[in-house]
**Student:** 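Quick one: this structure, given as structure tokens, is what I'll be asking you about.
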Amino acid sequence: MSRARSHHQGRRVVATLSLLAGLGLVVAIPPIAPAAEPPPNLAGVWLATSPRNAGGANRPEPTPRARADLEAFDPLDDPVIRCVMPGFPRSGLIIYPFEIVQTDEMLVFLYEAFGMVRRIHMDGWEPPDYLPPARSGYSVGHWEEDILLINTTHVAPGLLTGGGLRQYGDVEVLERFRLRDDRQVLEVEVTITAPETFSVPWVRSFTWELDPDGMIYESVCDPADSRF
Amino acid sequence: MRTVVGLVLVTLFSIAVTTAAAHHSLASLFDTARTVTVTGEVTRFEFIAPHGYIHLHVVDEFDEPTVWQLETYPPGMLIRRGLTPDVLRPGQKISARGYPSRDGRPLMRLLTITMPNGKDRQIQ
């Protein structure tokens, strides 16, 4: 059928339906499916409120390997002294604020510390195995009712804490974010699984407070300014 | 050793480090088991990341001068605490309390500052 002829027939159908509707003969209107409930709105600048002590509560006993590295650690060897961005999850759990930009397909976490960016893929994307390890890893997320679950893998080996506790590239982090107090507080439970470091996962909990007028400042540093 | 004994009050505190430094390990580089307090004149305010540094000209009871460096959070965190270069200026006299550097240098991690008007300001 030619495009012109098809177009002509389509116009005839529309005209016929319009006529029947005008006569009150077309009354069956297909029901409109109810719109899906939009996910909670996490967008905004969030200020850390709960303690962020690096020792951390509930920290499991390190494995012999991690214990040996911890005891041999020289704080002057911490790459952050040379302005190297600490990897996730260390970099995401500190006292500095972060901003969330939210779309249906992706959440973007913009951290003040070292300008770290995390892209949370919400569209079903999965990181292929061949991806090289990254300091902030690769994150995929989904909603389970009002809880945002984020799983992060492919994290490059590095320090879990500034005190010298290491992870060896096998770390996987599950975050469970939830809003409370009428969207003024954001809480997260972080489960850090790193078999080379702990025999059981390290579970931590943090809170942030919404700063409606806040902004994120650049925090890029120059190693030449370091005092250590 | 003639240092800043007259103006440095070393006090032993068991202060829980609830808001650890984000970059380097605070307890590894600073002695978080005690605090020192110094009083002097601001000579410079480095408003930089990842840590700001306030330079304080301190003179001890023997007229021996020492320049202390007071390490702070980076600019963004200081802005939220209201400590900016237009508020803290060279020439102002302040007192500062913080964790001393473990290596003995006149360097501290700043906890509180007593401003020229006598009001304390919590920095960390």
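Everything quoted here is computed from the prediction, not taken from an experiment. Note that these values count all heavy atoms, side chains included, but never hydrogens, waters or copies made by symmetry. Chain A is the first sequence line, chain B the second, and so forth, proteins listed ahead of strands; every chain is numbered from 1.
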**Student:** If you define the side chain from C-beta out and look only at heavy atoms, does anything of A:Ile95 sit under 4.5 Å from B:Met77?
**Tutor:**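 A:Ile95 vs B:Met77: side chains touch.
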**Student:** Tell me, out of A:Cys221, A:Pro79, A:Ser91, A:Gly214, who's got the most heavy-atom pairs with chain B below 4.5 Å.
**Tutor:**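 Heavy-atom pairs under 4.5 Å are most numerous for A:Cys221.
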**Student:** To the nearest 0.5 Å, what is the distance between CD (B:Glu71) and CZ (A:Arg227)?
**Tutor:**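 That separation rounds to 8.0 Å.
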**Student:** What closest approach, in Å, do A:Tyr96 and B:Pro50 show between heavy atoms, and which atom pair accounts for it?
**Tutor:**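 Minimum heavy-atom contact is OH-O, 4.0 Å.
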**Student:** If you count heavy atoms of other groups shown closer than 6.0 angstrom to CD of A:Glu145, is the number above 12?
**Tutor:**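 Not more than 12 within 6.0 Å, no.
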**Student:** Extract all donor-acceptor atom pairs below 3.5 Å that involve side chains of residues 33-46 of chain A and protein atoms in other chains or at least two apart in sequence.
**Tutor:**
residue, atom, partner, partner atom, Å
A:Asn41, OD1, A:Ala43, N, 3.0
A:Trp46, NE1, A:Leu42, O, 3.0

**Student:** Over all heavy atoms of both residues, which pair between A:Val220 and B:Ala49 is shortest? Give the atoms and the distance, please.
**Tutor:**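 Answer, listing the atom of A:Val220 first, then B:Ala49: O-CB, 3.6 Å.
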**Student:** Is it the case that B:Arg105 places NZ or CZ above or below the six-membered ring of A:Phe228, under 6.0 angstrom from the centre and within 45 degrees of the axis?
**Tutor:**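 Here B:Arg105 passes the 6.0 Å and 45° test against A:Phe228.
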**Student:** Return the minimal non-hydrogen interatomic distance between B:Arg80 and A:Leu47, and the atom names on each side.
**Tutor:**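 Scanning both residues completely, I find the closest heavy atoms to be NE-CD2, 3.7 Å.
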**Student:** Please collect all ring pair (Phe, Tyr, Trp, His ring centres under 6.0 Å) contacts where either partner lies in residues 142-172 of chain A, sequence neighbours excluded, each pair once.
**Tutor:**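 Ring pair (Phe, Tyr, Trp, His ring centres under 6.0 Å) check on residues 142-172 of chain A returns A:Tyr138-A:His154.
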**Student:** Chain B heavy atoms under 4.5 Å from A:Met85: which part of the residue, side chain, backbone, both or neither?
**Tutor:**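 Neither; nothing under 4.5 Å.
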